[in-house]
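This report refers to the structure that appears directly beneath it.
Chain letters run A, B, ... following the sequence lines, proteins first and then strands; every chain starts at 1.
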2 protein chains.
Amino acid sequence: MNDQTVEPRRGTRSAFVTQQVRDMITSGELTPGSRINERVLVERLDISRTPLREAFKILEGEGLISIRPNAGATVVMLSTEDVEASIEVLIGLESIAAEHAARRATEAELVELADLHNQMTQAWRDNVLMTYFHLNQEIHQKIVDAAKNPALSRVYASESARIRRFRFAGNRDPERWARAVEEHARILDTLRRREGALLREMLRAHHLSGWGAARRALELQQEDEGQGAP
Amino acid sequence: MNDQTVEPRRGTRSAFVTQQVRDMITSGELTPGSRINERVLVERLDISRTPLREAFKILEGEGLISIRPNAGATVVMLSTEDVEASIEVLIGLESIAAEHAARRATEAELVELADLHNQMTQAWRDNVLMTYFHLNQEIHQKIVDAAKNPALSRVYASESARIRRFRFAGNRDPERWARAVEEHARILDTLRRREGALLREMLRAHHLSGWGAARRALELQQEDEGQGAP
DNA sequence: GAACCAATTATTGAATGCAATTGTTTATGA
DNA sequence: TCATAAACAATTGCATTCAATAATTGGTTC
């Protein structure tokens with residue numbers, strides 16, 4: 001390995017920088033509401049402004065940043081209400097997916113989901129929150145994918161990515177985390193038994209309690225920030 | 001027409017060219033599957049490649065075109081199945097919206113919808129398909145907006161735009177067209193009476209029969225094209 | 001005449017330079 | 001001292017230029 005530079009940077013610079021900035025936003029490195037300076041990012045990522053500005057357009061379409069003409073790009077600040085609205089949409093999309101997935105999921109998909117669930121359970125036992133979180137997201141996406149509706153998969157992936165970082169806080173509480181793992185086991189069991197209507201309700205309940213936990217964590221977090229920087 | 005130079009072209013060139021190309025795709029001027037030559041569009045719209053390429057990134061995010069590195073942009077070709085999948089998503093999104101809209105719609109919104117409906121009915125009487133079509137789309141968007149969920153409105157608008165041109169063929173049949181107007185009247189009535197569950201079912205039925213008509217029209221159209229250019 | 005390969009052309013990707021707009025600072029007067 | 005305006009600096013928008021990649025043409029050989 002170690003080709004030319006340290007980073008792989010495969011594909012176009014535009015795609016590279018898009019992923020980089022996206023990660024910076026998701027990880028919280030670029031804080032919501034803050035303005036993004038083109039020059040700074042250009043120097044940091046060692047690319048020109050052209051691909052960066054193309055990335056901005058993409059990320060604006062994804063709803064991660066907001067571009068005002070002649071006034072630069074800012075990371076969108078989502079209120080609790082905004083996130084809750086998105087969650088509601090995600091629940092709705094998964095509801096649509098649930099009944100179709102219960103009917104159309106292939107055996108291979110069920111096996112793959114079982115495998116992902118085992119990995120996720122292991123991540124929970126090992127207390128590796130980030131790994132758990134990613135596997136969790138992947139499982140939900142796979143359930144939606146099992147509905148065999150490309151438009152649904154695309155919209156779900158997009159909306160899910162938009163509020164990803166807000167949901168990360170959901171499993172801070174160990175008790176809630178343990179229950180989430182349990183719920184997942186039952187959800188996959190219901191999918192295996194192909195009980196669509198029940199699956200739909202379980203997913204809804206799962207998301208609602210998950211979001212409830214995340215919201216509480218976020219509110220605490222915001223209070224801390226409010227006290228920390230007056 | 002042909003007032004390209006006379007146009008105001010307010011806002012950034014990027015926004016301008018994005019709308020131009022979007023219209024070209026929606027109107028069918030740029031045919032699905034065809035490759036888009038940057039130079040040609042640049043000369044036609046009298047702008048440089050930079051804002052055009054930014055527009056490409058936006059339109060790719062909207063799902064209207066596909067960009068392959070070093071191979072240019074092509075208008076996405078959607079199969080009947082793809083469109084049907086999107087319709088299913090749109091129905092799902094409107095289902096989510098219906099119950100909330102029935103509860104949260106303001107009197108002002110109901111008045112505005114009634115006004116739009118009158119305009120639309122007039123367009124039907126005048127046999128102005130394009131005007132009817134736009135008002136129709138606007139009404140459905142307004143119903144979704146009445147649910148007061150910004151994320152839902154955004155996702156619905158995006159997905160609706162993606163397959164707009166495929167639904168245009170829906171009201172070619174005069175009988176179906178007349179029934180669609182009737183259905184709309186009943187739908188708005190149900191919204192006024194705030195019967196969410198019923199509204200949901202009416203919207204679903206409305207879309208399914210509308211899509212059925214559009215699909216038949218599209219299949220005929222495709223057969224004609226197949227015979228026309230062997 | 002067909003197939004293969006090299007050279008040329010066309011097209012896309014990215015960097016740079018310039019113009020236009022906005023935000024900031026400083027000077028000036030009330 | 002505060003408000004206002006003018007000059008300045010910083011930043012963005014866009015056009016142009018250069019580089020890299022893909023497509024095409026022409027020629028040679030079998």
Side-chain angles (χ1 to χ4, degrees), chain A residues 3-25 29-62 64-77, chain B residues 4-22 24-25 29-62 64-77:
Chain A
D3 303 280
Q4 294 168 359
T5 55
V6 187
E7 304 217 1
R9 208 162 72 176
R10 62 171 176 269
T12 63
R13 283 170 170 59
S14 181
F16 163 76
V17 70
T18 302
Q19 188 56 44
Q20 288 290 316
V21 178
R22 192 187 286 123
D23 286 346
M24 287 184 198
I25 295 172
E29 188 176 347
L30 292 172
T31 58
S34 71
R35 182 167 169 180
I36 306 176
N37 189 300
E38 288 184 4
R39 187 178 48 79
V40 172
L41 236 58
V42 157
E43 287 172 4
R44 171 121 161 253
L45 298 173
D46 192 33
I47 38 96
S48 74
R49 284 176 56 215
T50 306
L52 176 62
R53 288 177 56 79
E54 288 178 356
F56 279 0
K57 298 292 183 183
I58 296 171
L59 295 170
E60 185 183 33
E62 293 178 2
L64 292 176
I65 69 174
S66 163
I67 303 176
R68 283 183 320 167
N70 295 317
T74 57
V75 182
V76 290
M77 196 161 9
Chain B
Q4 291 177 356
T5 52
V6 193
E7 299 220 1
R9 209 163 71 177
R10 62 170 175 269
T12 64
R13 282 172 174 43
S14 181
F16 163 76
V17 70
T18 302
Q19 188 56 43
Q20 289 289 315
V21 178
R22 192 188 285 123
M24 286 184 198
I25 295 172
E29 187 176 348
L30 292 173
T31 58
S34 71
R35 180 167 169 180
I36 305 175
N37 188 300
E38 290 184 2
R39 187 177 49 77
V40 173
L41 271 182
V42 156
E43 288 172 3
R44 171 119 162 257
L45 299 174
D46 192 33
I47 39 94
S48 77
R49 284 176 57 217
T50 308
L52 176 63
R53 289 175 57 78
E54 287 179 356
F56 279 179
K57 298 294 183 181
I58 295 171
L59 295 169
E60 186 183 34
E62 293 179 2
L64 293 176
I65 68 174
S66 162
I67 304 175
R68 282 181 320 169
N70 295 317
T74 57
V75 182
V76 291
M77 199 161 5

Please work out if B:R39 contacts a base, only the sugar-phosphate, or nothing of the nucleic acid, heavy-atom cut-off 4.0 Å.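 Sugar-phosphate contact only - B:R39 comes under 4.0 Å of backbone atoms but never of a base.
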
For [N] and [X] - does any side-chain N or O of the residue sit under 4.0 Å from the phosphate oxygens OP1/OP2?
X     : N      : value
B:S48 : D:dA15 : yes
A:R53 : C:dA14 : no
A:R49 : C:dG17 : no

Side chain of A:N70, heavy atoms from C-beta onward: which of D:dT21, C:dT22, C:dA15 has the nearest atom to it? C:dT22

Picking from C:dA15, D:dT12, C:dG13, the nucleotide nearest the side-chain atoms of A:T12 would be C:dG13

Given atom [atom1] of [X] and atom [atom2] of [N], what is their separation to the nearest angstrom?
X     : N      : atom1 : atom2 : answer
A:D46 : C:dA15 : CG    : C1'   : 12 Å
A:I67 : C:dT22 : CD1   : P     : 16 Å
A:F56 : D:dG13 : CZ    : P     : 9 Å
B:L52 : D:dT16 : CG    : P     : 14 Å
A:E43 : D:dT11 : CD    : P     : 10 Å
A:E54 : C:dG13 : CD    : P     : 8 Å
A:I47 : D:dA19 : CD1   : P     : 19 Å
B:L45 : D:dA15 : CG    : C1'   : 15 Å

Under the side-chain contact (heavy atoms from CB on, under 4.5 Å) rule, collect the residues that match up with [X], sequence neighbours excluded.
X     : answer
A:N37 : A:R39, A:V40
A:T18 : A:S14, A:R22, A:A55, A:I58, A:L59
B:S66 : B:T74, B:V76
A:D23 : A:Q19

B:V75/B:T31 under side chain to side chain contact (heavy atoms under 4.5 Å, CB included): CA gap, chis, key distance, verdict: CA-CA 7 Å; B:V75 182; B:T31 58; over 6 Å; no

Of A:A71 and A:T50, whose nearest nucleotide on DNA chain D comes first from the 5' end? A:A71

Let's go through B:L45 and B:M24 carefully: what are the C-alpha distance in whole Å and the side-chain angles of both, what is the deciding distance for side chain to side chain contact (heavy atoms under 4.5 Å, CB included) to 0.1 Å, and is it a yes or a no? CA-CA 12 Å; B:L45 299 174; B:M24 286 184 198; 4.0 Å; yes

Let's see if you get this right: which residues in residues 29-38 of chain A place a heavy atom under 4.0 Å from DNA chain C? none

Assign each of A:R68 and A:P51 to its nearest nucleotide of DNA chain C by heavy atoms, then name whichever residue's nucleotide is nearer the 5' end. A:P51

Walk me through it: do A:V21 and A:L64 pass the test side chain to side chain contact (heavy atoms under 4.5 Å, CB included)? CA-CA 10 Å; A:V21 178; A:L64 292 176; over 6 Å; no

Give each protein N/O atom lying under 3.5 Å from an N/O atom of nucleotides 5-9 of chain D, with the pair distance.
none

